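This one's a predicted model, so the numbers in the text were calculated from it and none came from an experiment.
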Amino acid sequence: MTTTPITRPRVAITLGDPAGIGPELIAALLSRRENTEAADIVLVSDAAELRAAGEDAGAPVAYGDAPGTGLPVLYDNGAARPPGTADGFERGRATRNGGLWALANLSAALDMAKDGTVDAILFAPLNKSSLHLAGMTENDELRWFEEVLGVESFTSELNVLPGLWTARVTSHVSIAEVDAGITRGNVVEAGLLLDRVLRGSGIGDPRIGVCALNPHAGESGRFGRHEIDVIGPAVGDLADRGVDATGPFPSDTIFLRARAGEFDGILTMYHDQGQIAMKLMGFDGGVTIAGGLPVPICTPAHGTAFDVVGKGVAATGSVQNAFDLAVALGGRRSPA
């Protein structure tokens, strides 16, 4: 059951860090006619990058300069290309120029989202070292998205495999900082966000399992009281607000239950609690969604894979799944 009608979405695509496999992944993605027919695609890049991407993928990127041609449209962002990169970018390692180009293209895509030109964004893998060399001060791209879009409400990265979604109460913080972030309010906000996005993806009555923080779910307070004092009451709050949430359950067994189909989504307390399980269950197909923003933003869950750039061996499963989710979520957005 869907929450809003599915329409043909407008999706902005950026090629990620030019030093990594992102450009060739996007070229391969766009070589499939079923993808270019699924959405009105805007490529935020320039002709030189698209040409190089096509050469690496063995699949030239066809595009037009106006909608209605059946081809992706190029938004030529070449004026933002860093000086000295006219002949391309150094590849296979993090660089300031690569970060500058990735941020410039993402900024242009976010501007399109803000003015309603696009309904969703897909970006190919980024490298955080490159982004920080380029001047990004936030811990990750989600916090940067919040800043650019002026979002002050709760956000969370969501990770997706076919049939299973996860959200996090805390994310890119040190383990020492996790405890302070596990509050009743934060657990409720993260659970509400996961429920909302699951419904927006087309799941009418999502079932959410909530992870404990401590071993054995605290073992009745013996190993900590987070489950008794914080997480358990937050699960009750979610139920009071119409969310089918249960738990907290020990995190070393909850993903076995999820794999058996018991849950549509898992709410985890910190980054690796969910990420280790998800990557073991489906590394080559995972997708990350920036949840809680006014526009769906999707990306493959893997990184830039500097070691295999240009070798023609980069797997396309995750970028295909990310594109499919961007199309689905963009097509179900409520009219402004």
Side-chain angles (χ1 to χ4, degrees), residues 9-65 70-78 80-81 85 88-89 91-92 98-99 101-110 112-113 118-127 130-131 141 284-290 296-306 308-328 330:
R10 302 159 298 177
V11 179
I13 296 180
T14 74
L15 280 63
D17 192 309
I21 60 172
E24 60 192 274
L25 289 179
I26 298 301
L29 180 81
L30 297 177
S31 70
R32 300 169 189 148
R33 184 173 178 180
E34 61 269 26
N35 291 332
T36 58
E37 291 180 345
D40 294 327
I41 296 170
V42 181
L43 290 170
V44 185
S45 181
D46 68 4
E49 183 177 39
L50 293 178
R51 183 167 55 252
E55 290 171 357
D56 280 346
V61 180
Y63 58 88
D65 55 7
L71 295 172
V73 173
L74 172 62
Y75 174 88
D76 191 341
N77 204 32
R81 182 182 275 264
T85 62
F89 293 85
R91 307 207 295 178
W101 181 236
L103 287 174
N105 291 330
L106 276 173
S107 293
L110 291 172
M112 294 176 190
V118 298
D119 303 302
I121 296 170
L122 165 67
F123 66 92
L126 304 173
N127 182 279
S130 296
L131 299 180
E141 56 269 25
D284 289 332
V287 177
T288 298
I289 300 175
I297 303 179
C298 304
T299 190
H302 59 70
T304 45
F306 286 156
V308 298
V309 173
K311 295 182 179 179
V313 298
T316 59
S318 286
V319 74
Q320 181 66 61
N321 289 345
F323 175 76
D324 291 343
L325 271 173
V327 170

Task: Heavy-atom donor-acceptor pair, D46 side chain to N77 backbone, under 3.5 Å - done: no

- [ ] May I ask you to test the D40-V11 pair for a side-chain heavy-atom distance under 4.5 Å?
- [x] no

TODO: Find out whether F306 and N127 are in side-chain contact, i.e. whether some heavy atom of one side chain is under 4.5 Å from a heavy atom of the other.
DONE: yes

- [ ] Would you mind reporting whether I21 and H302 have side-chain heavy atoms less than 4.5 Å apart?
- [x] yes

Task: Close side-chain approach of L15 and V44, heavy atoms under 4.5 Å - done: no

TODO: Scan residues 11-33 for pairs that pass salt bridge (Lys or Arg N to Asp or Glu O under 4.0 Å), counting only residues two or more places apart or in two chains.
DONE: R33-E37

Open item on the list: Would you say that Y63 contacts V73 through its side chain, given a criterion of any heavy-atom pair below 4.5 Å between the two side chains?
Closed with: no

- [ ] Indicate yes or no: at least one non-hydrogen side-chain atom of V327 is less than 4.5 angstrom from one of F323.
- [x] yes

- [ ] Check whether any side-chain heavy atom of V42 sits under 4.5 Å from a side-chain heavy atom of I13, and report yes or no.
- [x] no

Open item on the list: Among L122, N105, L43, L126, exactly one meets side chain to side chain contact (heavy atoms under 4.5 Å, CB included) together with T14. Which residue is that?
Closed with: N105

- [ ] Please determine, by modelled atom types, if T316 and Q320 share a side-chain donor-acceptor pair under 3.5 angstrom.
- [x] no

Task: Side-chain touch W101/T85, heavy atoms, less than 4.5 angstrom - done: no

Task: Check ion pair D119-R10 (N to O, under 4.0 angstrom) - done: yes

- [ ] Would you sort out whether I26 and L30 count as a side-chain contact (heavy atoms from CB on, under 4.5 Å), showing the intermediate values?
- [x] CA-CA 6 Å; I26 298 301; L30 297 177; 3.8 Å; yes

